[in-house]
**Q** 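Here's a structure for you.
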Amino acid sequence: RSTPSNSSAASDVYKRQVRSVIGVAIHRTICNALKREGWVCEYRVSKSLGDLVLSGSIDLYNPPLRAAVEVKVVQRIPLRPFKKHILQLNTYLWLLGVDHGYLIYVSHNGEIAVYSHFLDQSLVQEAVERAYTLWHALKQGRPPRPEPSKACRNCAFYIQCHAVSR
């Protein structure tokens with residue numbers, strides 16, 4: 001008789017893989033449903049900042065409506081959007097030249113929450129400063145200063161990064 005084990009490293013890897021598959025499936029489902037309505041999925045955006053090019057792909061963009069949406073698949077819907085997700089959406093809005101967008105959270109059990117966000121120039125400045133910090137570090141062949149978060153415990157570089165931050 002088999003019993004589930006939640007303590008093994010293999011189990012953790014399996015859980016992350018399953019969550020990833022669920023996330024991809026939800027993104028694809030939303031994308032396929034909205035394509036018929038004129039939305040473009042994984043819309044590439046970029047802006048040159050001198051030698052640095054800041055670029056990314058917003059989950060959904062409707063050019064005629066100038067509407068932007070970033071989708072996040074989570075285990076539980078947060079009470080308010082995560083700062084890193086707002087920073088990401090805000091950067092996309094700036095790159096698109098759009099002043100308003102939406103952050104949609106979809107939980108693994110099907111709950112949905114939609115948050116509206118208006119472009120915030122102070123967050124643009126923060127994103128550009130972070131991009132330059134990373135760019136300079138990469139040019140100099142050294143890692144950037146760690147930005148500790150709850151996600152650190154799942155990172156493959158946790159040990160190296162943790163040693164640098166001491």
**Q** With a 4.5 Å limit on heavy-atom distance, are the side chains of V40 and N62 in contact?
**A** no
**Q** Per the disulfide (SG to SG under 2.5 Å) rule, what does the pair list look like for residues 58-116, sequence neighbours excluded?
**A** none
**Q** In the single-linkage hydrophobic clustering (I, L, V, M, F, W, Y; side-chain heavy atoms under 4.5 Å), do Y102 and V73 co-cluster?
**A** yes
**Q** Is L34 close to L60 at the side-chain level, that is, under 4.5 Å between some pair of heavy atoms?
**A** yes
**Q** According to a 4.5 Å side-chain heavy-atom criterion applied to Ile, Leu, Val, Met, Phe, Trp and Tyr, with indirect links allowed, do V69 and Y61 form part of one hydrophobic cluster?
**A** no
**Q** Are L123 and L103 connected into the same hydrophobic cluster when the rule is that any two of I, L, V, M, F, W, Y join if their side-chain heavy atoms are below 4.5 Å apart?
**A** yes
**Q** Is Y43 linked to L54 within one hydrophobic cluster, defined over Ile, Leu, Val, Met, Phe, Trp and Tyr using a side-chain heavy-atom separation of less than 4.5 Å?
**A** yes
**Q** Using side chain to side chain donor-acceptor pair (under 3.5 Å) as the criterion, list what pairs up with Q140, not counting sequence neighbours.
**A** R142
**Q** Testing the basics here: between V53 and S46, what is the closest heavy-atom pair and its distance to 0.1 Å?
**A** CG1-CB, 4.1 Å
**Q** Name every donor-acceptor pair, under 3.5 Å, that has one atom in a side chain of residues 83-100 and the other anywhere in the protein, sequence neighbours excluded.
**A**
from	atom 1	to	atom 2	distance (Å)
K83	NZ	E126	OE1	3.1
K83	NZ	E126	OE2	3.4
H85	ND1	Y105	OH	2.6
Q88	OE1	K72	NZ	2.6
Q88	NE2	E70	OE2	3.4
Q88	NE2	Y92	OH	3.1
N90	OD1	H117	NE2	2.8
N90	OD1	D120	N	2.7
N90	ND2	D120	O	3.0
T91	OG1	L87	O	2.8
Y92	OH	S57	O	3.2
H100	NE2	S116	OG	2.5

**Q** List, one per line, each side-chain donor-acceptor pair under 3.5 Å for residues 129-138, sequence neighbours excluded.
**A**
from	atom 1	to	atom 2	distance (Å)
E129	OE2	Q125	NE2	2.9
R130	NE	E147	OE2	3.2
R130	NH2	E147	OE1	2.4
R130	NH2	E147	OE2	3.4
Y132	OH	L49	O	2.5
T133	OG1	E129	O	2.9

**Q** Which residues pass the side chain to side chain donor-acceptor pair (under 3.5 Å) test with R80, not counting sequence neighbours?
**A** none
**Q** Heavy atoms only: give me the nearest S107-Q75 pair and the separation to one decimal.
**A** CB-O, 3.7 Å
**Q** Give the table of side-chain donor-acceptor pairs shorter than 3.5 Å for residues 20-33, with sequence neighbours excluded, one pair per line with atom names and distance.
**A**
from	atom 1	to	atom 2	distance (Å)
H27	ND1	G23	O	3.0
H27	NE2	D59	OD2	3.3
H27	NE2	V71	O	3.1
T29	OG1	A25	O	2.8
N32	ND2	R28	O	3.2

**Q** Is there a side-chain contact (heavy atoms from CB on, under 4.5 Å) between E111 and V106? Walk through the geometry before answering.
**A** CA-CA 6 Å; E111 292 178 291; V106 181; over 6 Å; no
